[in-house]
Amino acid sequence: MLSSVCVSSFKGRKGGNKSSNKACYSADMTCPSESEKIVINCGGVRHETYRSTLKTLPGTRLSWLTEPDAFSNFDYDPKLDEFFFDRHPSVFSFILNYYRTGKLHCPNDVCGPLFEEELAFWGIDETDVEACCWMNYRQHRDAEEALDSFENPEPDAPDDEPALSGPDGDLRRLCMQEDARKAGWWKTWQPRIWALFEDPYSSKYARII
């Protein structure tokens, strides 16, 4: 059985009334000590957390700060007792909050490529982004895919290829135009078709599939 010490506070207690405020402390319940705290200076903004918090995501850059040789592998200031990273301070708040809550949200005032770069630096998988922020995170990729969907101008015919003239030339020209239209259609719809099966957050139809 666990031994516990109960501290009760009574204010104006009358006979027969029980405690209105009771706090129980178990013998095996331990609070993190001051040595468990760690200070991280990211872009001039100091953040304080527990080493146990950083261990929730092993294999990431922040989890490496809990290792014994972290003081020699990272930019550590022994006078200030803090690690320094010259990275985006606002984004880091969302990164650190992911260790605390287990949910990765994307800031609305930061573009997707910047957030993607920060995730890569801290060693966090982009697929961990919450569904509520996924569309905002994917906006830059959707724009790139839309630009790539435009058909490129047809390349000029090689010099060694005979000129298309006469009835045979007209037929070959029609066939080439038809092939170009088919290729353009596939290039336009290929990313969208792939997104249906590979990206469940790209559209409502992708979620259904």
Side-chain angles (χ1 to χ4, degrees), residues 29-150 152 187 190-192 194-204 206-207:
M29 292 173 60
T30 58
C31 296
S33 61
E34 289 295 330
S35 61
E36 282 296 313
K37 291 184 179 180
I38 184 172
V39 179
I40 304 171
N41 187 332
C42 186
V45 180
R46 300 177 80 250
H47 301 265
E48 188 172 354
T49 186
Y50 293 109
R51 297 179 183 274
S52 57
T53 301
L54 302 182
K55 292 180 180 180
T56 57
L57 297 176
T60 58
R61 189 177 295 270
L62 289 180
S63 68
W64 297 339
L65 297 181
T66 62
E67 297 180 356
D69 57 349
F71 302 102
S72 58
N73 294 334
F74 295 94
D75 187 358
Y76 175 74
D77 190 338
K79 295 182 179 180
L80 299 177
D81 189 23
E82 67 180 21
F83 292 92
F84 177 77
F85 292 93
D86 191 15
R87 305 298 299 186
H88 199 291
S90 299
V91 174
F92 182 75
S93 299
F94 288 83
I95 299 296
L96 185 57
N97 195 53
Y98 179 38
Y99 287 80
R100 293 166 173 162
T101 64
K103 296 182 179 181
L104 179 60
H105 293 279
C106 177
N108 294 327
D109 57 344
V110 175
C111 64
L114 174 59
F115 192 67
E116 182 179 1
E117 182 180 349
E118 291 297 312
L119 291 180
F121 175 81
W122 297 111
I124 297 177
D125 193 347
E126 64 174 3
T127 58
D128 295 339
V129 176
E130 290 295 309
C132 59
C133 299
W134 184 254
M135 296 302 297
N136 181 42
Y137 174 72
R138 282 276 307 184
Q139 283 182 358
H140 70 288
R141 292 188 180 178
D142 294 339
E144 292 176 355
E145 292 177 359
L147 292 175
D148 293 339
S149 65
F150 289 103
N152 297 324
K187 186 176 182 180
Q190 181 185 21
R192 302 179 184 180
W194 285 357
L196 288 175
F197 298 95
E198 297 180 355
D199 186 0
Y201 300 107
S202 60
S203 65
K204 62 180 180 180
R207 294 191 185 95

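Just so we're clear, the structure is a prediction, and the values are computed from it rather than from any experiment. Residues: numbered from 1 along the sequence shown.
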Least distance between heavy atoms, [X] atom then [Y] atom:
X      : Y      : result
Pro89  : Cys42  : CB-O, 3.3 Å
Ile124 : Asp128 : CG2-OD2, 4.2 Å
His105 : Cys133 : ND1-SG, 3.5 Å
Leu104 : Phe94  : CD1-O, 4.2 Å
Gly44  : Phe84  : N-CE1, 4.1 Å
Thr66  : Arg51  : CG2-O, 3.5 Å

Kindly state each residue pair satisfying salt bridge (charged side-chain N to carboxylate O under 4.0 Å, His left out) with at least one member in residues 63-85, sequence neighbours excluded.
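Qualifying pairs: Arg46-Glu82.
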
Calculate, to the nearest 0.5 Å, the distance between atoms [atom1] and [atom2] belonging to [X] and [Y] respectively.
X      : Y      : atom1 : atom2 : result
Met135 : Cys106 : CE    : SG    : 12.5 Å
Glu117 : Cys111 : CD    : SG    : 9.0 Å
Ile38  : Thr53  : CD1   : OG1   : 10.0 Å

Contact between [X] and [Y] at the side-chain level, heavy atoms closer than 4.5 Å - yes or no?
X      : Y      : value
Arg87  : Trp122 : yes
His88  : Phe115 : no
Val129 : Leu119 : yes
Phe92  : Val45  : no
Tyr99  : Thr49  : no

Would you check, one step at a time, whether the test side chain to side chain contact (heavy atoms under 4.5 Å, CB included) holds for Phe121 with Ile95?
CA-CA 11 Å; Phe121 175 81; Ile95 299 296; over 6 Å; no

Are the aromatic rings of Phe83 and Phe71 close, with centres under 6.0 Å apart?
yes

Chi angles and distances behind the side chain to side chain contact (heavy atoms under 4.5 Å, CB included) call for Leu57, Tyr98:
CA-CA 9 Å; Leu57 297 176; Tyr98 179 38; 3.4 Å; yes

Applying side chain to side chain contact (heavy atoms under 4.5 Å, CB included), run through Leu54 and Ile40 and close with a yes or a no.
CA-CA 11 Å; Leu54 302 182; Ile40 304 171; 4.2 Å; yes

